[in-house]
Amino acid sequence: MNESSLSPGSEAEDSSPAFRYDASLAEEIEVEWQRRWLEEGTYQAANPLGPLSSQEVDTRPKLFVMDMFPYPSGSGLHVGHPLGYIGTDVFARYKRMVGYNVLHTMGYDAFGLPAEEHARQTGEHPRSNTENNIANMQRQLDRLGLGHDKRRSIATTDVSYYRWTQWIFLQIFQSWYDTEVNRARPISELEDLLSSGARATSDGRPWAEMDETEKRRELDHWRLAYLGDAPVNWCPALGTVLANEEVTSEGRSERGNHPVFRRPMKQWMMRITAYADRLLEDLERLDWTDSIKTMQRNWIGRSEGAQIGFETSSGSKIEVFTTRPDTLFGTTAMVLAPEHPLVDALTAKTWPEDTPPLWRGNAETPGEAVDNYRRKVSDLTDLERQENQAKTGVYIGAHCAVPVNGHRVPIFIADYVLMGYGTGAVMSVPGQDQRDWDFAKAFEIEIIRTVEPPSTFEGEAYAGDGAAINSGFLNGLHIDDAKRAITDWLEREGHGLRTVTYKLRDWLFSRQRYWGEPFPIVYDDTGLALAVPENQLPVELPELIDWAPRTLDEESDPEPPLGRATEWAVATYDLGDGELPYTRELNTMPQWAGSCWYYLRYLDPNNEERFVDPMVERYWMTDSDGGVGGVDLYVGGVEHAVLHLLYARFWHKVLFDLGHVSGPEPFQRLYNQGYIQAAAYQDQRGIYVDAEDVVESGGEYFYEESPVTRTFGKMGKSLKNSVTPDDMYSAYGADTLRLYEMFMGPLDQDRPWETKSVIGSHRLLQRVWRNLIDESTGAVTVVDTAPSDSLKRILHRTIAAVGEAMEGLRFNSAIARITELNNELSRRAEPVSREVARALVLMLGPLVPHIAEELWKRLGNSNSIVHEQFPAAQPDFLVDESVELPVQVNGKVRSRIVVESGLEEEALRGAALSDPRIEELLRGKEIRKVIVIQDRLVNIVAS
RNA sequence: GCCCGGAUGGCGGAAUGGCAGACGCAGAGGGCUUAAAACCCUCCGUUCCUAACGGAGCGUGUGGGUUCGAAUCCCACUCCGGGCACCA
């Protein structure tokens, strides 16, 4: 920017100097530099090859910094949204200045329910609505001066992007999980194994005896993406099924809070359970917070135990899963989930003679009792079931035998046993399990303790460790040994096996929605799925007029909106038998699909041949330090702890197994930014009032003279406490907003927004500007004389501290140190030497790029500050010639001495002991010990 | 209930075994100004002693421990935030 292009401050502010750094000057600087950066491609990151490579071979180390890309909301940004984006921008800019080839860009997660719900309410087509929202959000973000490589930006709704989402789906569809080598392999390899007999088919029938349809059905059985017929979460209000992860623990949809019903339906599933152990184990190799790792571990929910078979009176065997096989001798009942498949066969015709009335559920026959109970249970919502933890159930008139001692125990059905976990059957051991204890109390079932509780134990079921009792050959063994002994016995005698069970279920992957990726799948007259050939991709969404999903009731079936595109729904392909018509899959993919691999497309966004070039992928995703690889820094909210992060890891592992990516994990380092909270005020009726208009007086808050109460919460319309970036741009400029957001506190912590504090960050920039520029003439006041030694020491200590803080993402500390340096310059009230000015401006570069770039230019530099070297601290100036250090007596500071730095221990000890004040305090005391820490302190222990 | 975080002045926070409260906001006093704003300078945890300079005690949620020395490490507890939850 030319100085002449800067107009003096506006008329309204003519009392302030013409070249003061204020909001209007900030805006001029910011808009102009944003224009130039775009024009000059300042933030473009070079690939090692291909269309995005640069002329010269890049020898710098790479760094891939990424934000969780946003859903383009129509309601616009508030100041809380860009916190993480500013954080990654500062870090990326800093790393660029210390020599990295940094890739940083931004995209949009634009498919999915929210876009469609919005479109449904406004009547606007999802695509045009989405595109408008993206444009609006991009405009707001651009004004922040984020240093993104815009050539690499994608939206998941771009046809050129979802073409490859479909391609990846086909990779998964065309694969199976080989548990022998513990990785996914192409389905064609399975076909070879089956036909040669090297692998047995799922039901043991020889491959050669199967006809073509049966062979296809057999292969479908093994695929990583398959059509499952399991109970799914059906949400009639949204007109779609949902993944387990999208349903709250109250049994409602996470989006919209609508009721969700469990119903068996044929839906696309992804075999994520095949990866459960690897998803769990590889967490160890990731630099993520413990809390996120714990959440993923809990979600996967691995538990080790044994599967044990119980012979029933009718001959069939009930399999149970237990983590406590050591308590087998304490089993006094068998409890099945009401939906358990063996219930009908096991239920007796009549009540056995001595059946207690309590067990009969007021029914004439066991069959009637079971029917009644099942009806009662299915009428309960998940919430009611959860709230009411009292144990209910009925006896089904049958018995089974405890394998280890042959005891006959009664079989019940009860809703506290869930069909969806383990085998849907539980050996009830009331002595060691509180749920079983409660059930036993309710039905007057015998209780046998098999672990000796401590004498002080006063509880009911005892789950702690202790010696086994009442347990035959296990007696005296503690839990771990007893488990081992009984499991060995069970395996030897053929009654059970060591087993691992997971809470993780396969991922329900289809949605009855319009605004999502169509499946690249068609069906022929067998009703079996066929892949659309790769060279026929993309399968584009049809332009529908009537795209809105219908709100349905519980009894109805989902109606995919794509079914209304009757012409589209039939397609002609040559799948090996010549051109034939096929019917299309009418479901679409869930929103999570697009976000499972966008980081890979950033690397090579325009590649028409592959989803990403393998060399480019290896360059950006491999860790030269021997780490697990993946994105070097991924910043986003903690709300994606299980959903997005688990799905993306799963897809990445499949791609890794198939040789399409170079490492097993997508995100090496994950960092969760905090949220910006804001004060919200309620009047006496509890109604929220505009936070902007509340005034504080003596610790109380008032709105239009009436007292209001203050709480803190997420910024938004409902709490009437939003502050927009645009408000801040017009009051202070984008650099001030960036600086304030980074100064508020550590990036990973929630923090309360305080508009009145923003002025502090603005003042810093104003003072920096004033230290280098004459506010009334706009002339640079920097001089070419060398700085004094004392100032150089301050400068280099600042450089060292700022560098360290930047590395550790502690931008608040970096800003504090820069402020100290600048305060020192102000205090000295003399022209600033160029050497100091350069370093100061360079350190500000990552934080406030516009003003830094402008000052850099005014200091006489013609190249952009973005690619300059971050200042390096000179070690000579990090130590003072002399240091003042405290002398403690018994741990309390009693004096200070000034000594030359680096003084040896003995000399330091002498100096401390000869200090007059210390001498006086020590008079008449015995010195027991003197602790000397060079350049830090001396502590004298005396009594 | 279980699992993860966290607690430091009026407020946001700094210090990760070595001078607690850096830096900022708010507040007080002063300078400049006819005046106000802006700007600049000084003070600003708390109690006590002193006319003052200074000095002493207390102090990082609570109680204990380790250590010459603890905001920082260990144990127990309280409160706040988040996650999971009839998962056998």
Side-chain angles (χ1 to χ4, degrees), chain A residues 13 15-17 20 22 249 289-299 301-303 305 320-325 327 335 337 385-386 388-391 414-418 420-429 432-436 438-439 501-504 638-639 641-642 672 677 696 699 739-740 743-746 748-761 763-764 766-767 770 775 801 805 810 812-820 822-823 826-827 829 884-894 896 928-933 935-942:
Chain A
E13 293 162 38
S15 58
S16 73
R20 169 157 295 169
D22 58 13
S249 55
T289 61
D290 285 340
S291 70
I292 299 279
K293 287 187 185 182
T294 305
M295 283 160 75
Q296 291 222 342
R297 285 193 191 106
N298 289 345
W299 190 262
R302 183 182 201 273
S303 44
V320 305
F321 172 74
T322 178
T323 55
R324 293 293 305 276
T327 65
V335 188
R385 219 168 131 148
Q386 202 173 23
N388 181 13
Q389 302 231 337
K391 296 292 176 284
D415 68 348
Y416 84 93
V417 177
L418 310 172
Y421 185 77
T423 59
V426 169
M427 57 181 226
S428 185
V429 188
Q432 274 74 233
D433 185 292
Q434 190 60 42
R435 294 157 302 179
D436 295 341
D438 294 340
F439 188 72
T501 303
Y502 303 90
K503 236 171 79 181
L504 183 70
V638 70
E639 72 273 16
V642 270
N672 297 110
Q677 312 256 298
E696 195 221 312
L739 191 64
Y740 175 66
F743 184 63
M744 287 165 83
D748 57 355
Q749 219 167 288
D750 291 349
R751 72 285 301 275
W753 178 265
E754 233 185 14
T755 297
K756 70 168 188 184
S757 294
V758 181
I759 185 74
S761 297
R763 275 183 201 142
L764 170 62
Q766 238 172 27
R767 287 170 186 160
R770 190 159 38 233
E775 282 191 325
R810 294 186 305 273
N812 53 332
S813 294
I815 295 165
R817 302 311 296 262
I818 293 171
T819 308
E820 281 179 295
N822 190 60
N823 285 350
S826 304
R827 206 170 297 125
E884 188 193 71
L885 46 87
V887 181
Q888 299 181 330
V889 176
N890 294 333
K892 290 189 196 298
V893 181
R894 295 302 176 185
R896 285 160 209 285
R928 292 178 172 266
K929 199 172 175 183
V930 181
I931 290 104
V932 180
I933 313 287
D935 291 344
R936 293 312 288 259
L937 59 49
V938 179
N939 186 15
I940 300 154
V941 187

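Nothing here was measured: the structure is a model prediction, and the numbers come from that model. Chain letters run A, B, ... following the sequence lines, proteins first, then strands; residues in each count from 1.
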S.K.: Using a heavy-atom cut-off of under 4.0 Å over every strand shown, decide if A:Arg936 touches base, sugar-phosphate, or nothing.
M.R.: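 A:Arg936: backbone/sugar contact only, no base atoms under 4.0 Å.
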S.K.: What's the CG-P distance between A:Asp748 and B:G81, to the nearest Å?
M.R.: 19 Å
S.K.: Assess A:Lys391 against A:Tyr416: is NZ or CZ under 6.0 Å from the centre of the six-membered ring, and within 45 degrees of the ring's axis?
M.R.: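 Ring-cation test returns yes.
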S.K.: Would you mind classifying the nucleic acid contact of A:Lys391 as base, sugar-phosphate or nothing, using non-hydrogen atoms under 4.0 angstrom?
M.R.: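 Contact class for A:Lys391: base.
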S.K.: Taking the C1' atom in each of B:G18 and B:G30, what is the distance between them to the nearest angstrom?
M.R.: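 Approximately 38 Å lies between the C1' atom of B:G18 and that of B:G30.
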S.K.: Calculate the interatomic distance between A:Gln677 atom CD and B:C80 atom C1'; express it in whole Å.
M.R.: 12 Å
S.K.: B:G21 P sits how many Å from A:Glu820 CD, rounded?
M.R.: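 In whole Å, B:G21 P lies 12 Å from A:Glu820 CD.
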S.K.: Any strand counts, and the cut-off is 3.5 Å on both contacts for Watson-Crick or G-U wobble. Which nucleotide pairs with B:U34?
M.R.: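 None - no nucleotide pairs with B:U34, as no candidate has both distances under 3.5 Å.
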S.K.: Output the distance between atom OG1 (A:Thr501) and atom CZ (A:Arg302), rounded to the nearest 0.5 Å.
M.R.: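 Between atom OG1 of A:Thr501 and atom CZ of A:Arg302 there are 9.5 Å.
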S.K.: What does the list of N/O pairs under 3.5 Å between the protein and nucleotides 39-49 of chain B look like, with a distance for each?
M.R.:
residue : atom : partner  : partner atom : Å
B:C39   : O3'  : A:Arg770 : NH2          : 3.1
B:C40   : OP1  : A:Arg767 : NE           : 3.0
B:C40   : OP1  : A:Arg770 : NH2          : 3.2
B:C40   : OP2  : A:Arg767 : NH2          : 3.3

S.K.: Does B:C2 have a Watson-Crick or wobble partner in any strand here, with both distances under 3.5 angstrom, and which is it?
M.R.: B:G83
S.K.: Check whether any side-chain N or O of A:Gln766 sits under 3.5 Å from a backbone N or O of A:Asp22 as a donor-acceptor pair, and report yes or no.
M.R.: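 Not confirmed, A:Gln766 side chain does not pair with A:Asp22 backbone.
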S.K.: Return the value, rounded to whole Å, for the distance between atom CG of A:Leu504 and atom C1' of B:C84.
M.R.: 15 Å
S.K.: Among all residues two or more places apart in sequence or in another chain, which pass the side-chain hydrogen bond (donor to acceptor under 3.5 Å, both in side chains) test with A:Asn812?
M.R.: none
S.K.: Between B:G13 atom C1' and A:Asn812 atom CG, what is the distance in whole Å?
M.R.: 7 Å
S.K.: Quick one: closest heavy-atom pair of A:Gln296 and A:Ala641, and the distance?
M.R.: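 Result for this residue pair: NE2-O, 2.8 Å.
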S.K.: If the P atom of B:U62 is compared with that of B:U72, how far apart are they to the nearest Å?
M.R.: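 It works out to 11 Å between them.
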S.K.: For A:Ile292 and A:Val638, which heavy atoms make the closest approach, and how far apart are they?
M.R.: CD1-CG2, 3.5 Å
S.K.: If you measure from OG on A:Ser826 to CZ on A:Arg770, what distance do you get to the nearest 0.5 Å?
M.R.: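 A:Ser826 OG to A:Arg770 CZ: 7.5 Å, rounded to 0.5 Å.
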S.K.: Give the ring-plane orientation class for A:Tyr740 versus A:Trp753, where under 30° counts as parallel, over 60° as perpendicular and anything between as tilted.
M.R.: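 Perpendicular: the ring planes of A:Tyr740 and A:Trp753 meet at over 60°.
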S.K.: Which pair of non-hydrogen atoms, one from A:Met427 and one from A:Thr327, has the smallest distance, and what is that distance?
M.R.: CE-OG1, 3.7 Å
S.K.: Please determine whether side-chain contact (heavy atoms from CB on, under 4.5 Å) holds for the pair A:Phe743 and A:Ser757, giving the CA-CA distance in whole Å, both sets of side-chain angles, and the decisive distance to 0.1 Å.
M.R.: CA-CA 10 Å; A:Phe743 184 63; A:Ser757 294; over 6 Å; no
S.K.: For nucleotides 1-12 of chain B, just jot down a letter per nucleotide in 5' to 3' order: B, S or -, based on protein non-hydrogen atoms under 4.0 Å.
M.R.: --SS------SB
S.K.: In whole angstroms, how far is the C1' atom of B:A85 from the CH2 atom of A:Trp299?
M.R.: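 About 11 Å, once rounded to whole Å.
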S.K.: For nucleotides 55-60 of chain B, which of its nitrogen or oxygen atoms have a protein nitrogen or oxygen under 3.5 Å away, and what is each distance?
M.R.:
residue : atom : partner  : partner atom : Å
B:A56   : OP1  : A:Arg894 : NH1          : 3.3
B:A56   : OP1  : A:Arg917 : NH2          : 2.7
B:G57   : OP1  : A:Arg894 : NH2          : 3.3
B:G57   : OP2  : A:Arg894 : NH1          : 3.0

S.K.: Begin from the C-alpha positions of A:Leu764 and A:Ile815 and carry the test side-chain contact (heavy atoms from CB on, under 4.5 Å) through to its verdict.
M.R.: CA-CA 9 Å; A:Leu764 170 62; A:Ile815 295 165; 4.1 Å; yes
S.K.: Look at all strands and tell whether A:Ser303 reaches a base, only sugar-phosphate, or nothing, counting heavy atoms closer than 4.0 Å.
M.R.: sugar-phosphate
S.K.: To the nearest 0.5 angstrom, please state how far the CZ atom of A:Arg297 sits from the CG atom of A:Leu504.
M.R.: 14.5 Å
S.K.: Within the side chain of A:Arg435, is there an N or O that forms a donor-acceptor pair under 3.5 Å with the backbone of A:Val417?
M.R.: no
S.K.: For nucleotides 27-35 of chain B, which of its nitrogen or oxygen atoms have a protein nitrogen or oxygen under 3.5 Å away, and what is each distance?
M.R.:
none

S.K.: Would you compute the distance between atom CD of A:Gln749 and atom CG of A:Asn672 and round it to the nearest 0.5 angstrom?
M.R.: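 It comes to 13.5 Å.
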S.K.: Check A:Thr323 against A:Ser303 and note the closest heavy-atom contact, atom names and distance.
M.R.: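 Closest approach of A:Thr323 to A:Ser303, heavy atoms only: CG2-CB, 3.9 Å.
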S.K.: In whole Å, what separates the C1' atom of B:G59 from that of B:A76?
M.R.: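 Between the two C1' atoms, the distance is 23 Å.
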S.K.: B:C86 C1' sits how many Å from A:Arg324 CZ, rounded?
M.R.: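 Rounded to whole Å, this separation is 17 Å.
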S.K.: From A:Thr819 OG1 over to A:Arg763 CZ, what is the distance, rounded to the nearest 0.5 angstrom?
M.R.: 12.5 Å
S.K.: If you measure from the C1' atom in B:C23 to the same atom in B:U8, how many Å do you get, rounded?
M.R.: 15 Å
S.K.: Can you check B:G21 for me, syn or anti if syn means within 90° of 0?
M.R.: anti
S.K.: Please list, pair by pair, any protein nitrogen or oxygen found under 3.5 Å from a nitrogen or oxygen in nucleotides 66-72 of chain B.
M.R.:
residue : atom : partner  : partner atom : Å
B:C68   : O2   : A:Asn939 : ND2          : 2.6

S.K.: Measure from OH on A:Tyr421 to C1' on B:C84 and round the result to the nearest Å.
M.R.: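 Distance check: A:Tyr421 OH to B:C84 C1' gives 14 Å.
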S.K.: I need the A:Asn890 CG to A:Arg928 CZ distance, nearest 0.5 Å.
M.R.: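 Between atom CG of A:Asn890 and atom CZ of A:Arg928 there are 9.5 Å.
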